[in-house]
S.K.: 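Just passing along the structure, written as structure tokens.
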Amino acid sequence: MNLKRENVVEAFSNLTRIQLIQLETCARCSLCSNECPTWSELRKPILIPGGKMAAFLKIYNKAKGLLSKIFRREIKEDEIKQLANAVYICTLCGRCMEACPFGIQDENIWRSVREALHSLEATPNNILELEKMLEKTYNPYGMEPETRMDWVDYVDLEEAPMKEKADILYFVGCTTSFKAINQEIAYSVSVLLNHFHENWTFMGEQEWCCGSPLLMMGNKEQARKFAEHNIKEIEKRNVKFVLTSCAGCYRTLKSEYPKLIGRRPKYEVIHVIQYLKDKIDKGTLNLETKMDEIVVYHDPCELSRLSGLIKEPREILSAICKNYVEIPEHGRDARCCGGGGLLSASDNSLRTKISVRRIKQAESTGAKIITSACPSCKMTLIDGTKELKSKIEILDIAELMAKQLNLL
Amino acid sequence: MSMLSTFVRYQLPYITLTVLTLGFIFRIQKWLRGKKEEKEYLKSYKPIKYIIKDLFLNLVLFKNVFKKRKIMWFLILLFHFSAAAVLFGHLRGFNVWSADWFLFLGEENVEFLVEKLPVYIGWLFTFSTLALLLRRVISKDVRSISWLDDYFTIIMVILVVFTGMMTRLTATAYQPLKIEFIPGILILSIEKKPVDIWMDLHFLFTQIFFMYIPFSKLIHIVSGILTSAFYSLNKSRLEGSRIEFEKRKRS
């Protein structure tokens, strides 16, 4: 750890004015505690979002507060370690924001704090392992870059276009490409695009990780390099739309890339749920029947609360399901499944515990299927069903749609 | 006049004003030393009336708290509304408003408004403040993240409210009093002079409270408005970018 005073002061200078105002607005009322998925399981005070705020503010004030100019108080390694442990055991779901009387955007603040901690070399070791894998293989799973498109063979996809120019580019994402249980999502999206006769393409091995894990761990510089590479490759193909089936990729490509490169890319980023909703609105979806099973939708945090796409999946599900019901704590108030914030790297057992809670909520509705719009959510919920020995099926919304159109 | 009276009425106000002003300057400077946000972050995609409506629902009616915790919502509402009512009532003493404006309600009702109602509101304020202190002491979760500042703040509020109530309750006879805290700027006129000690203690604790605002979490009185505004702006930006995409699709 690099805790020289001037380094700490420099590291904390990355917080914006709005973040500083929000940090000092926290009244330590603890109304956020019940909403926090990690605190709900572990019950450690420092995991309460307000508790993390308090811990960080103490350190911040030691480094940059009013009295720090007179009394140069030592910032201890233990304090930073404790803060790092708390901040990296956070799914970055943003649910605390919805419970906060002031709407403090904690998720945004923790990303900046992670950035500061990263520059102080205080990132936990297992997260740093992830960083090494990303640097070496351009994906967080350590898989060789040449194997990125291997899923095409595993799922027997007949048409996997690699065009120099197209209208739509399908940005598959690492969690869909490299994780076997998610490869059906990529297959479903591909057959849907073919079904609608779109002029579309993959990036193939030129697709690098979107950079979301790098941003979540606080390595903005590396994320920028990934963004520059991906944007260059995408823009080379002159596409109008970049389509993704991953909530994390969607948010990163749409909201973070313009900030990272300092300009708007020359294409629009859409999630597959926006694409499917468009088909419904245009009346081009010819569904013969609706599904009979009771279906619930788990809102991915990065898509719903943090990107605003809440109505679209519900309109899709109303079109394809007879028995769509709402899971408790949904929409803007969606409870996290545990799949976000790099929790799988920092505390995988906690991630499973959080997802078990979500599975139980789904089961309470009598649902047979949980659908979502994020491969990380799908993977996490499946781990939850295994832990609980639940028979509930987890399917991505693209898979549901492909099934209903008899494409699967 | 006692030394305490002289000090809190004619000397401390200048110190209070200075400390309060300098405190706010330091705090705002601290915030301004942060990194500048991208312009995009400060843009609203929805009309300003959406932001104002959302701000009102969150800041005045505590919508976020109401969604999840009804009892806490009621307590917070009671605390803040009674505080606002007490502050509003005090403005009559500083000639910002007059009881005569409400004569259309009838003299009896006006007397109720200026004599009895403040006492009831004072009790509500006292009760809600004590309940918040009790919650902070009893609830393990809240206690576990509390600073000394949190307890000190709420104890200060209790002292201000309590001495204020005693001031009110000991002011029985019609005996006008005028105090020029800061001549020409801050002049208090009251119709019934309370017992000196309670009045002076009330002045003392109130001024300590005001001086403490910029150096404590009480800053949320000001920063809470900004934070809530950013929250509403953020929501509008997410909703707005969705709407913009729909428009672009149609065109």
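By convention in this document, chain letters (A, B, ...) are assigned in the order of the sequence lines, proteins followed by strands, and residues within each chain are numbered from 1.
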S.K.: Please say whether more than 12 non-hydrogen atoms of neighbouring residues, nucleotides or ligands are located less than 6.0 Å from CZ in B/F127.
M.R.: no
S.K.: Can you list the steps and then say if B/K235 with A/E98 is a salt bridge (charged side-chain N to carboxylate O under 4.0 Å, His left out)?
M.R.: CA-CA 11 Å; B/K235 273 200 318 189; A/E98 293 302 310; 5.5 Å; no
S.K.: Decide if atom CD1 of B/I71 counts as having more than 12 heavy atoms of other residues, nucleotides or ligands within a radius under 6.0 Å.
M.R.: no
S.K.: Counting only heavy atoms not in B/K70 (residues, nucleotides, ligands), do more than 12 fall under 6.0 Å from its NZ?
M.R.: yes
S.K.: Is there side-chain contact between A/K64 and B/K30, with heavy atoms separated by less than 4.5 Å?
M.R.: no
S.K.: To the nearest 0.5 Å, what is the distance between CZ (B/F230) and CD1 (A/I104)?
M.R.: 12.0 Å
S.K.: What residue in B/R69, B/K217, B/K36 has the most heavy-atom pairs under 4.5 Å with chain A?
M.R.: B/R69
S.K.: Examine whether an atom of B/I28 lies under 4.5 Å from a heavy atom of chain A, and if so say whether it belongs to the side chain, the backbone or both; otherwise answer neither.
M.R.: neither
S.K.: Search all heavy atoms of B/D141 against all heavy atoms of A/I48 and return the closest pair with its distance.
M.R.: O-CD1, 3.7 Å
S.K.: Show the nearest heavy-atom pair for residues A/A27 and B/H220, with the distance to one decimal.
M.R.: CB-ND1, 4.4 Å
S.K.: What pair of heavy atoms forms the shortest contact from B/I145 to A/G51, and how long is it?
M.R.: CG2-CA, 3.4 Å
S.K.: Using heavy-atom distances under 4.5 Å, tell me whether A/M97 contacts chain B through its side chain, its backbone, both, or neither.
M.R.: both
S.K.: Just wondering, more than 12 heavy atoms not from A/E10 lying within 6.0 Å of its CD?
M.R.: no
S.K.: Set out, in order, the CA-CA distance, both residues' side-chain angles and the distance that settles side chain to side chain contact (heavy atoms under 4.5 Å, CB included) for A/R17 and B/L226, then state yes or no.
M.R.: CA-CA 11 Å; A/R17 293 176 302 186; B/L226 296 169; over 6 Å; no
S.K.: How close do B/G224 and A/T25 get, counting heavy atoms only, and between which atoms?
M.R.: CA-CG2, 3.7 Å
S.K.: Distance from A/Q22 atom CD to B/S223 atom OG, nearest 0.5 Å?
M.R.: 9.5 Å
S.K.: Would you mind telling me which of A/I21, A/N14, A/L15 has the largest number of heavy-atom pairs within less than 4.5 Å of chain B?
M.R.: A/I21
S.K.: With a 4.5 angstrom heavy-atom cut-off, is it the side chain or the backbone of A/R305 that approaches chain B, or both, or neither?
M.R.: backbone
S.K.: Name the option with the most non-hydrogen atom pairs under 4.5 Å to chain A; the candidates are B/F26, B/W31, B/F215.
M.R.: B/W31
S.K.: Name the region of A/L23, side chain, backbone, both or neither, that has any atom closer than 4.5 Å to a heavy atom of chain B.
M.R.: neither
S.K.: Tell me if a side-chain donor or acceptor on A/R28 pairs with a main-chain N or O of B/R143 at a distance below 3.5 Å.
M.R.: no
S.K.: For a quick test of reading the model, state the closest non-hydrogen atom pair linking A/L31 to B/M72 and the distance between them.
M.R.: CD2-CG, 3.8 Å
S.K.: More than 12 foreign heavy atoms under 6.0 Å from CZ of B/F74: is that the case here?
M.R.: no
S.K.: Yes or no on side chain to side chain contact (heavy atoms under 4.5 Å, CB included) for B/K140 and A/R43, after CA distance, side-chain angles and deciding distance?
M.R.: CA-CA 10 Å; B/K140 194 175 151 208; A/R43 302 273 162 165; over 6 Å; no
S.K.: Please report the closest heavy-atom contact between B/E37 and A/I18, naming both atoms and the distance.
M.R.: OE2-N, 2.6 Å
S.K.: For the interface with chain A, which of B/F62, B/W147, B/W73, B/F66 has the highest count of heavy-atom pairs at distances below 4.5 Å?
M.R.: B/W147
S.K.: Indicate yes or no for a side-chain donor-acceptor contact from B/N64 to the backbone of A/C100 under 3.5 Å, with no hydrogens or angles considered.
M.R.: yes
S.K.: Could you go step by step and tell me if B/K35 and A/Q19 meet the side chain to side chain contact (heavy atoms under 4.5 Å, CB included) rule?
M.R.: CA-CA 9 Å; B/K35 215 170 72 173; A/Q19 286 174 333; over 6 Å; no
S.K.: Do you know which of B/K67, B/R27, B/R33 has the most heavy-atom pairs under 4.5 Å to chain A?
M.R.: B/R27
S.K.: With a 4.5 angstrom heavy-atom cut-off, is it the side chain or the backbone of A/K58 that approaches chain B, or both, or neither?
M.R.: both
S.K.: So which part of A/R264 gets closer than 4.5 Å to some heavy atom of chain B, the side chain, the backbone, both or neither?
M.R.: side chain
S.K.: Give a yes or no on this: more than 12 heavy atoms of other residues, nucleotides or ligands lie within 6.0 Å of atom CG of B/L148.
M.R.: no
